[in-house]
Novice: 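One structure, pasted below without further comment.
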Amino acid sequence: MNNWENEIKQKLEKLDAIPERNPLRVQSAKKNFLSEMHQLAGETTVSVPGKSWWNQLNIKKETFSMKLITIATILSLLLGGGITAVGAQDSLPGDLLYPVKTLVEDIELGLATDPETEFDIALNHAFKRFEEIQILLDEGEVVGEAHLLAWQEAFQRALQYGVNTEDPIGKLLMVQQQLKYQEEMMNKGKQTGVPFQNQFERMMNYQAGLVDASIENPELLASELEFMANYSNQYGEEKLENVWMNMYMFGALDTEGEVGEVQNQGEVQHPVEDPFMWMHLLGNHLTEIDPAGLDQGGTTGGFQNSYNDQPNGGNQGDNGNGNNGGSGGNDGGNGGK
Amino acid sequence: MSIIEEEEGLISRLQAFDMSAIESVFDQYNEAIYRYGYRLLGSQDKAEECVAETFSRFLHALKNGKGPKKYVRPYLYRMAHNWITDQYRRAIPEDEGLPEYHASQNDHPEDIVIDNIESQEIRNVLRALPENQRQAVVLKFLEGLENQEIAIAMNKPVGAVKALQHRGLQTIRKKLVVKL
């Protein structure tokens, strides 16, 4: 081979420097590939609906019979219990008619047939949960964990429907706007003496951080929601919620500094330690998380070691639980030469 | 046993849309396709897109009774090549700016800058090559495929592939001389 040919080849070798692949994107690529493969094989990617909404996060296809049942239920409510259903709309958590209110909401969502409408309805429900919490706080009530989780559930449901629309970023921006409004309202309330419960503040901050990060990459949000759903499927909704509440209680999701701190020309920042924490906590292996171990130091340490998003960063694939997947090595996917 | 021989056993399972076989193909080659995409496009996002598009087309081809008839790897590279060529054809400026920054902590800033400039220079030269020459050169000298595999990927005789590689290197030489 001529010298000039060798020189050219050496120059071509410059292109051998490839930045390490983000393990989350490897995982996401594989997930999307498998999902498409199952769809083409004629299978749905949908799991069997369970009692928990977490289990239903990925359910996008409702059967005709389910629709019929839904229609029958709403008809019976309109004919037999219409007044009850209407009256329930102003009920608050703890009221006798409150379960009717949420049932009507479920039916409303169940009747929606396209992702855009589903998203609109889910976002509206999320706002209702916020209004309920606000009224309870105004009245000097302590808002229970169940209601806080219901607020979060409603938001994450809206996020799930949002990422399934044709314009996920547009929908996430809408969620972001609503969260900003809610934050403003809560901060106003704080100034007038209405308490902003720490846990709720942390929840809101976490949700805002998740939405901010998801606008940059909606695919990661889809994966994150799937990780939550898988965890709930494996260990039950109660355990999932236990992990959540322990995290909020101990502030394990906060970074240093004030939550919702006002910075940079009045723009509210959301210093969340890790918006995609489920993905990083669980890594490649679905293992049970011990909520008792989620004090600030323990969890933060775990996150710090969870992975490094920088292209050439270290600790790739280390989920903090000793499961070191290695760079780009999810599911044995480290092929090529 | 050569890579080609190993891959032959997969074909009948792939044609039957055997999902474990299909998944194993993804596991085996997604990283290679990512690297191929990155080398030619200089963007991690584009390289990920290249993986997604290549394997999506692969799935649809299998579902429609098409897909590789004998060898998997050259087939995937051909799909990836077609997608990358489409990207080139879209209104992208002839000379793109610097690629994404990537470096280890130990690199000196000036080395990083020089490396990135040189990489992009080569990438631009490759982009300007005639399509056949680019494919023959990249698959051989960057991806390390055997000429027999490249011939399958390009649907040309091995002799023609060698000729394209030679002409490709000459063209690169000329373009680099002009640029420098």
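Throughout, protein chains are lettered first and strands after them, A, B, ... in sequence-line order, and every chain is numbered starting at 1. Just so you know, these numbers use all the heavy atoms, side chains as well, and skip hydrogens, waters and symmetry mates.
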Novice: May I ask you to check whether over 12 heavy atoms, not counting those of Lys162(B), lie within 6.0 Å of atom NZ?
Specialist: no
Novice: Just checking Asn155(B): does its CG atom have more than 12 heavy atoms from other residues, nucleotides or ligands closer to it than 6.0 angstrom?
Specialist: no
Novice: Report the distance from atom CD1 of Ile18(A) to atom CD of Gln44(B), rounding to the nearest 0.5 Å.
Specialist: 9.5 Å
Novice: Taking side chain as everything from C-beta outward and backbone as N, CA, C, O, which of these in Ile33(B) sits under 4.5 Å from a heavy atom of chain A? Side chain, backbone, both or neither.
Specialist: neither
Novice: Is there a side-chain contact between Lys30(A) and Asp27(B) in this structure, where contact means two heavy atoms from C-beta onward sitting under 4.5 Å apart?
Specialist: yes
Novice: Walk me through whether Phe17(B) and Met37(A) qualify under side-chain contact (heavy atoms from CB on, under 4.5 Å).
Specialist: CA-CA 9 Å; Phe17(B) 211 80; Met37(A) 180 177 75; 4.1 Å; yes
Novice: Identify the heavy atoms of Lys63(B) and Ala41(A) that sit nearest to each other, and give their distance.
Specialist: NZ-CA, 4.3 Å
Novice: Between Arg21(A) and Tyr38(B), is any pair of side-chain heavy atoms under 4.5 Å apart?
Specialist: no
Novice: Scan Val25(B), Ile22(B), Val51(B), Asn30(B) and name whichever one has a side chain to side chain contact (heavy atoms under 4.5 Å, CB included) with Phe33(A).
Specialist: Ile22(B)
Novice: With only heavy atoms counted, which part of Val137(B) is less than 4.5 Å from chain A, the side chain, the backbone, both or neither?
Specialist: side chain
Novice: Would you check if Leu12(A) and Leu126(B) make a side-chain contact, meaning some heavy-atom pair closer than 4.5 Å?
Specialist: yes
Novice: Tell me, for Tyr34(B) versus chain A, whether the close heavy atoms (under 4.5 Å) come from the side chain, the backbone, both or neither.
Specialist: side chain
Novice: With rounding to the nearest 0.5 angstrom, report the CZ to CG distance, Phe55(B) to Leu34(A).
Specialist: 11.5 Å
Novice: To the closest 0.5 Å, what do you measure between CD1 (Ile8(A)) and CD1 (Ile122(B))?
Specialist: 7.0 Å
Novice: Should Glu36(A) and His60(B) count as side-chain neighbours, where that means a heavy-atom distance under 4.5 Å?
Specialist: yes
